[in-house]
2 protein chains.
Amino acid sequence: MPSAQFKDLTLPIENHFRWKVDREKISSFEAGDLFQITKIGWAVHGFTHIDAPKHILPQGSTSSEFALDQLMGFATVIDVSGVDEASPITAEMLENLTSSSVIEERILLKAAWDSRISPTEKAYWQRSPYLTRCAAEWLLDKRPKLVGFDFPQDYPIRGLLENEVPSIETMVTHDLLLRNGIPLLEYLCNMASLNSNRVELIALPLKILDSDGAPIRVIAKDV
Amino acid sequence: MPSAQFKDLTLPIENHFRWKVDREKISSFEAGDLFQITKIGWAVHGFTHIDAPKHILPQGSTSSEFALDQLMGFATVIDVSGVDEASPITAEMLENLTSSSVIEERILLKAAWDSRISPTEKAYWQRSPYLTRCAAEWLLDKRPKLVGFDFPQDYPIRGLLENEVPSIETMVTHDLLLRNGIPLLEYLCNMASLNSNRVELIALPLKILDSDGAPIRVIAKDV
């Protein structure tokens with residue numbers, strides 16, 4: 001298995017202005033312990049993670065229902081990296097970018113946004129391209145098993161930095177995809193390292209049951 | 001990619017008498033929020049996880065150094081499930097069980113111990129088979145990139161339940177393998193679902209950097 005060809009699409013879990021990470025050594029050499037043991041905690045929607053429908057829908061399915069069949073397999077990469085910052089990604093763009101492609105059961109949108117601005121910068125969140133509602137409808141129409149993004153794909157995410165409460169209708173991928181049972185892979189990174197419009201995706205979330213989401217490690221390779 | 005053939009070898013992260021899981025909803029529908037958001041925290045050496053050498057060695061390498069090349073690829077499964085409970089697994093046993101095998105770069109010991117007693121029971125921890133120091137030396141001699149176990153492989157782990165401080169020499173896989181730079185996959189489960197002595201292993205830890213270990217999702221399929 002040529003693991004060397006896999007690229008890591010995962011943000012590190014470390015303190016970030018959007019997400020506080022509680023981290024401490026509960027056993028340490030300095031304290032005379034035989035072992036060093038780290039304890040860590042954070043909200044499961046921080047960093048690279050997967051949303052379960054329960055995140056938006058009280059009766060939605062949870063992380064317990066994630067299946068390997070969703071999480072692993074071929075994915076279509078739609079390269080939207082030509083879009084300007086702070087600009088909409090429309091259904092027409094997605095259609096034009098895939099007109100000659102077979103759409104796989106999993107779809108990743110690649111803006112390579114982290115190649116332009118680091119996710120540790122506020123501008124990454126405030127100046128990101130975003131999806132129109134029609135673009136989210138276009139994605140829903142493909143009935144994928146999983147959709148992933150390497151940029152803050154819903155316009156109101158920028159408002160979350162200022163504690164603005166979004167309207168659900170403008171959280172278009174949450175409202176249209178997640179509400180309809182399609183898990184979202186959020187805050188991917190390093191997608192500029194992928195060159196193909198078709199990849200083999202492996203996305204393994206932590207086994208946290210009955211949750212609205214889970215932290216995840218995501219890797220992919222060109223095929 | 002035939003994901004359906006992969007078996008999940010991972011324990012769920014949920015409250016356990018050995019490990020406290022801090023879990024709360026920091027946003028909830030009941031409170032009138034638009035989204036449910038779970039926050040979770042625990043020690044990275046609870047449940048199925050990977051140890052980095054830093055766990056035992058102040059100058060040891062950390063989780064930052066885990067490479068996909070270690071974590072993914074073929075693994076030899078040594079089926080030690082014939083051993084009695086509370087009994088030693090010796091170097092001779094490992095040698096006899098593999099005498100006709102090529103040893104892959106990764107080694108998994110399969111006691112299928114969780115098929116006999118649940119990890120939620122104290123007896124799982126107190127009555128487990130364990131490795132002799134010679135058995136750990138045998139494993140070290142193979143210079144694997146990674147070694148995994150589906151039972152508490154070092155005898156003194158049972159004493160940790162009573163807060164007994166072990167001597168490092170008796171923590172044989174920690175003292176011989178981890179100290180020599182070989183990460184340990186601990187507390188695997190469901191290995192009874194594997195039938196082959198050779199598997200394709202995918203072990204993806206969370207991207208927690210500079211740590212003594214990390215929670216992990218582990219899957220494997222017979223080849």
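To find a chain, count down the sequence lines: A is the first, B the second, and so on, and within it residues start at 1.
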Tell me which of these, Leu11(B), Val44(B), Ile40(B), has more heavy-atom pairs under 4.5 Å with chain A than the rest. Ile40(B)
What residues of residues 22-29 of chain B sit under 4.5 Å from chain A when only non-hydrogen atoms are counted? Asp22(B), Arg23(B), Ile26(B), Phe29(B)
Residue, of Pro58(A), Ser64(A), Gly41(A), that accumulates the most heavy atom pairs under 4.5 Å with chain B: Pro58(A)
Close side-chain approach of His45(A) to Phe35(B), heavy-atom, < 4.5 Å: no
Are Ile37(A) and His55(B) side-chain neighbours, meaning at least one heavy-atom pair lies under 4.5 Å? yes
Non-hydrogen contacts under 4.5 angstrom with chain B: give the residues of residues 203-219 of chain A involved, or none if there are none. Leu204(A), Pro205(A), Leu206(A), Lys207(A), Ile208(A), Leu209(A), Asp210(A), Ser211(A), Asp212(A), Pro215(A), Ile216(A), Arg217(A), Ile219(A)
Contact between Phe6(B) and Met72(A) at the side-chain level, heavy atoms closer than 4.5 Å - yes or no? yes
Does a sphere of radius 6.0 Å around CD in Gln59(A) hold more than 12 heavy atoms from other residues, nucleotides or ligands, not counting ones at 6.0 Å or beyond? no
Among Thr48(B), Val21(B), Leu57(B), Asp51(B), residue most engaged with chain A (heavy-atom pairs, under 4.5 Å): Leu57(B)
Determine whether Ile168(B) and Leu34(A) satisfy the following criterion, side chain to side chain contact (heavy atoms under 4.5 Å, CB included), listing intermediate values before the conclusion. CA-CA 8 Å; Ile168(B) 283 292; Leu34(A) 286 177; 3.7 Å; yes
Chain B-proximal positions within residues 186-198 of chain A [heavy-atom distance under 4.5 Å]: none
Looking at Thr38(B), Ile13(B), Leu68(B), which makes the most heavy-atom pairs under 4.5 Å with chain A? Thr38(B)
Applying salt bridge (Lys or Arg N to Asp or Glu O under 4.0 Å), name anything that partners Glu14(A), two or more places apart in sequence or on another chain. none
